[in-house]
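Chain letters run A, B, ... following the sequence lines, proteins first and then strands; every chain starts at 1.
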Amino acid sequence: MEVFISAPLALVIVGALSVMLLSFGFFIGKRIKKNSNDFLYAGRNVGLALSTATLIAAWVTGNTTMSAPEQGYTIGILACFGYAVAGLSLCIFAPLALRIKKIMPHGCTSGDFVRCRYGKAVWIVFLLISAWYFVGFLMTQAMAGGILLQSLSGLEYHIGMLLIMVVCTVYTLKGGLKAILSTDFIMAMLILIMLLVTAVLAFFKFSPAMVYDGVMVNKPELMNLLSGVGIMYLGSNFLFATGEIFHSNIWWQRIYAAKEKVTFRSFILSGLIWTTVPIIAGSLAFVAVAQGYVVPQVNMVFPIVVSKLLGPAGSVLVLIIIYSALASTVSSVLTASSNLLVQDIYKRAFKPNATDEQVVKYVCYTIVGMAVVTVILVWNQPASMYQVLYLTGSAVAATIWPIAMGIYNSRVNRTAVLVAMICSIGLGLVAYFSISSYAAPVVSALVGLVIISVGTKLSPDNSFSFDQLDEQVSAISNK
Amino acid sequence: MAYGVSVLIFCLGVCISAGLVGYVIHGNKKYKITVPGKDEEEN
């Protein structure tokens, strides 16, 4: 395999970024109060700039920088637009975020909402979905770390994968959400500026007209705006991304961390800014096609294209961009998942009287546990990052309507929600294996919509009131 | 896989997405939830 930078240089760059992250973690760790409010919600007082930056950094994942070009390379131009609509999912969450702040200002997790709104049975299914998604998501990020270093420097896959997981775990343990928010700001700026520089340099070397001509010669089907797989991806990706955002505690945690007056704007701004990232990253895949670059694995398109185009400087740029994206996402997922699991399972189900220190301690244990499980699962490298992530599609899309309807409609039938979630996952998986991975979120969301709507119409629940929701949440949170 | 299935999935995806956007916007209007303005920020 072709090597673009030496292994020692790659390790020095990753080492420098890791030292920066760890220093931040230790620095912030010394300054935060050791309570869950500071460790998990950054004091619930985050402003617009920090909130917007952390949303961008958390949503610019290893998938955005590596799978968007993978999709562009394999599906074509429609995949770039299809990937970009995931930014609009952040925008559509903005009104919901406002409503969540109004009805549940003292909430802690997305699980709190589901438990108080729908009861224990739905809550258990919801937690299983969340755990499934978090593990799938972490797997793709860990894989991206290994593939990144392997494709640029020839370092063995396991070294890069272990490096990203170990550094992010230690830094998250030390600084909590406050450290993550601070580094997210720097990471978001780094990612956006470096990506822009990369794209400008790349298209300066090969003009868009040259790239288009090259693609039309080598693989003209990639420019087909009516390709079957392309339109299916375009139609399903918004629902998949919306399911990811609506249910995931990563975003709920950030709603509670931000001040109410900045919540709406930060989601809208971050969504709009984010849409540029997959379009820029994805468009670079066409350079690979136009130039006939040999790509040993589809996951490696982005690092290989940038390195070939810009030489060692490009390799350094791409290493900084993707490592930053991975670090911010892995740490966000680790805090959000451990927060959800500890608050919802340990504190609510087993130890309601747990002290703040005990909660933080168990959150730390869970962070380590999640990291270890992820490393074990991706030890034997799966073939495609995006297919690993899309396997969670039916599960995350099953949460769209329960969350949306649960936030706006007090009469949603609880039994219908439970049946809808189970049927959505089941039929979504059938669609995944029998039609296409991209059909799964659409089928899942459709099944959920029909079952909940019909169930609620036939037997509306008149026992729930939004006025009591915050009290119920506060009661189970022991506030 | 038949092209018609891809078109069907695309159409369903677009319709459900549009319905969701409409539902959320309508929901915030129904509960009169507005974005906090600058005056409120200054206070």
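In this structure, A:Leu239 CG and B:Ile16 CD1 are separated by 5.5 Å, a value rounded to the nearest 0.5 Å. Distance check: A:Ile403 CD1 to B:Leu20 CG gives 11.5 Å after rounding to the nearest 0.5 Å. With values rounded to the nearest 0.5 angstrom, B:Lys32 atom NZ is found 13.5 Å from A:Lys102 atom NZ.
Remark: A:Phe246 pairs with A:Phe93 by the ring pair (Phe, Tyr, Trp, His ring centres under 6.0 Å) rule, at least two apart or across chains.
Within the 4.5 Å cutoff, the side chain of B:Tyr3 has heavy atoms near those of the A:Leu226 side chain.
Counting heavy-atom pairs under 4.5 Å between each of B:Asn28, B:Val14, B:Leu12 and chain A puts B:Asn28 at the top. Each of A:Phe238, A:Tyr233, A:Tyr438 has some count of heavy-atom pairs under 4.5 Å with chain B, and the biggest count is that of A:Phe238. Here A:Ile231 is the residue among A:Leu234, A:Ile231, A:Leu98 with the most heavy-atom pairs under 4.5 Å with chain B. Heavy-atom pairs under 4.5 Å with chain A were tallied for B:Val24, B:Leu8, B:Val21, B:Val7; the largest tally goes to B:Val24. With respect to chain B, the highest number of heavy-atom pairs below 4.5 Å among A:Gly230, A:Cys91, A:Ala404 belongs to A:Ala404.
At least one donor-acceptor pair under 3.5 Å links the side chain of B:Tyr31 to the backbone N or O of A:Tyr408.
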Quick one: do B:Tyr23 and A:Asn409 satisfy side chain to side chain contact (heavy atoms under 4.5 Å, CB included)? Show the steps, please. CA-CA 10 Å; B:Tyr23 183 82; A:Asn409 185 350; 3.6 Å; yes
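For B:Ile25, no part lies under 4.5 angstrom from a heavy atom of chain A. The contact between A:Ser227 and chain B is made entirely by backbone atoms, counting heavy-atom distances below 4.5 Å.
Atom CZ of A:Phe81 is surrounded by 12 or fewer heavy atoms from other residues, nucleotides or ligands within 6.0 Å.
B:Ser6 and A:Gly228 get closest at one heavy-atom pair: CB-O, 3.3 Å.
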